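The structure presented is a predicted model; accordingly, all values stated were derived computationally and were not measured.
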Amino acid sequence: MHSVLTRGNAILAYTLSVSACLTFACFLSTVFIDYRTNVALNTGGVLVKNVPDFSVSREKNDLGILNFDIKTDLTKLFNWNVKQLFLYLTAEYSTEANAVNQVVLWDKIILRGEETNINMKKMNMKYYFWDDGNGLRGNKNVTLSLTYNIIPNSGLLPFVTATGSHKLLFPSEYTKSRM
């Protein structure tokens, strides 16, 4: 005869084993899905200023100012294993000082059940577009792209860049007016 503790232990071990198998099956059912989607990006009101960055030093650094449009449909990204999406708009460019610079300009969290058809016009940046020097003025190789992390119920956290990007040209002269 087995005691109550032995039987309870057996039931708990069996339940945990079944739960682990179901979680792994959940992971396997969605691991090979292609989560890329198309995005249309556009910018307007692009300015560059040369202002002191008081948070780091008293040196003058470039500050990019712009607004942007995003149009994409994220409906196909949601399945039964996706809890939420963490979207963020990044600007990638190169300067003489750094071969690769990446700056996050905007982000948004979309939960399951929320509106997934995004059509935003003339959005302002959420975060400052600082360059650690004077690399934005006249820079013609700034690329905006939408990147997102998919937060699943179980499994890997895919890091995906949407297909479609936008090349951005900064003016060759600094803006003198106050913003």
Side-chain angles (χ1 to χ4, degrees), residues 1-46 64-94 98-131 141-169:
M1 289 281 190
H2 297 289
S3 70
V4 173
L5 290 177
T6 305
R7 290 180 183 183
N9 185 32
I11 291 171
L12 180 63
Y14 179 74
T15 304
L16 289 176
S17 298
V18 169
S19 295
C21 289
L22 289 175
T23 302
F24 187 68
C26 177
F27 160 69
L28 281 180
S29 69
T30 59
V31 73
F32 298 111
I33 293 176
D34 183 15
Y35 285 110
R36 288 178 294 180
T37 188
N38 293 327
V39 64
L41 297 168
N42 200 5
T43 57
V46 180
I65 301 167
L66 58 100
N67 57 42
F68 56 90
D69 303 336
I70 297 178
K71 183 172 181 162
T72 186
D73 186 13
L74 303 172
T75 306
K76 74 172 195 153
L77 300 180
F78 279 92
N79 57 43
W80 61 278
N81 192 26
V82 175
K83 279 197 273 190
Q84 67 184 22
L85 296 176
F86 179 70
L87 307 170
Y88 50 102
L89 182 69
T90 58
E92 185 171 326
Y93 62 100
S94 61
N98 299 311
V100 177
N101 297 290
Q102 289 182 326
V103 179
V104 174
L105 303 177
W106 171 86
D107 64 10
K108 181 177 178 69
I109 295 174
I110 298 178
L111 301 173
R112 179 198 311 260
E114 290 183 359
E115 180 62 39
T116 56
N117 192 7
I118 295 176
N119 189 8
M120 299 177 175
K121 302 269 187 206
K122 298 201 183 295
M123 294 291 298
N124 291 322
M125 300 180 307
K126 194 173 181 181
Y127 307 107
Y128 289 114
F129 191 171
W130 284 108
D131 180 62
N141 68 352
V142 179
T143 304
L144 295 181
S145 59
L146 184 68
T147 309
Y148 45 93
N149 289 97
I150 297 171
I151 314 299
N153 291 314
S154 67
L156 301 174
L157 290 140
F159 172 76
V160 184
T161 301
T163 56
S165 61
H166 176 71
K167 289 281 189 189
L168 175 63
L169 306 173

Rounded to the nearest 0.5 Å, how far apart are [atom1] of [X] and [atom2] of [Y]?
X: I150; Y: Y35; atom1: CD1; atom2: OH; answer: 5.5 Å
X: N141; Y: S94; atom1: CG; atom2: OG; answer: 4.0 Å
X: E115; Y: N117; atom1: CD; atom2: CG; answer: 5.5 Å
X: L28; Y: T23; atom1: CG; atom2: OG1; answer: 11.0 Å
X: N119; Y: K71; atom1: CG; atom2: NZ; answer: 5.0 Å
X: L144; Y: D69; atom1: CG; atom2: CG; answer: 11.0 Å

[Y] versus [X], side-chain donor and acceptor atoms under 3.5 Å:
X: T143; Y: S165; value: no
X: N38; Y: T72; value: no
X: T43; Y: H166; value: yes

Kindly give the heavy-atom pair with the smallest separation between [X] and [Y], and that separation in Å.
X: M125; Y: I65; answer: CE-CA, 3.9 Å
X: A91; Y: F129; answer: CB-CZ, 3.8 Å
X: N153; Y: K83; answer: OD1-CG, 2.8 Å
X: P158; Y: L156; answer: CD-O, 3.0 Å
X: Y88; Y: F159; answer: OH-CE1, 2.6 Å
X: F78; Y: L74; answer: CD1-O, 3.8 Å

* Asked: Can you list the steps and then say if E92 with V142 is a side-chain contact (heavy atoms from CB on, under 4.5 Å)?
  -> CA-CA 6 Å; E92 185 171 326; V142 179; over 6 Å; no
* To do: Would you check if P152 and L157 make a side-chain contact, meaning some heavy-atom pair closer than 4.5 Å?
  => yes
* Asked: Does D73 reach the side chain of T116, with side-chain heavy atoms less than 4.5 Å apart?
  -> yes
* side-chain contact (heavy atoms from CB on, under 4.5 Å) assessment of L77 paired with Y148 -> CA-CA 11 Å; L77 300 180; Y148 45 93; 3.6 Å; yes
* Asked: side chain to side chain contact (heavy atoms under 4.5 Å, CB included) with K76: which residues, sequence neighbours excluded?
  -> T37
* To do: Would you please test F68 and L41 for side-chain contact (heavy atoms from CB on, under 4.5 Å) and show each step?
  => CA-CA 7 Å; F68 56 90; L41 297 168; 5.7 Å; no
* **Test log, rule side-chain contact (heavy atoms from CB on, under 4.5 Å), inputs L85 and I151** => CA-CA 6 Å; L85 296 176; I151 314 299; over 6 Å; no
Show me, pair by pair, the donor-acceptor contacts under 3.5 angstrom made by side chains of residues 103-113, not counting sequence neighbours?
from, atom 1, to, atom 2, distance (Å)
D107, OD1, K126, NZ, 2.7
D107, OD1, Y127, OH, 3.2
D107, OD2, Y127, OH, 2.8
R112, NE, V82, O, 3.4
R112, NH1, N79, O, 3.1
R112, NH2, W80, O, 3.4
R112, NH2, V82, O, 2.6

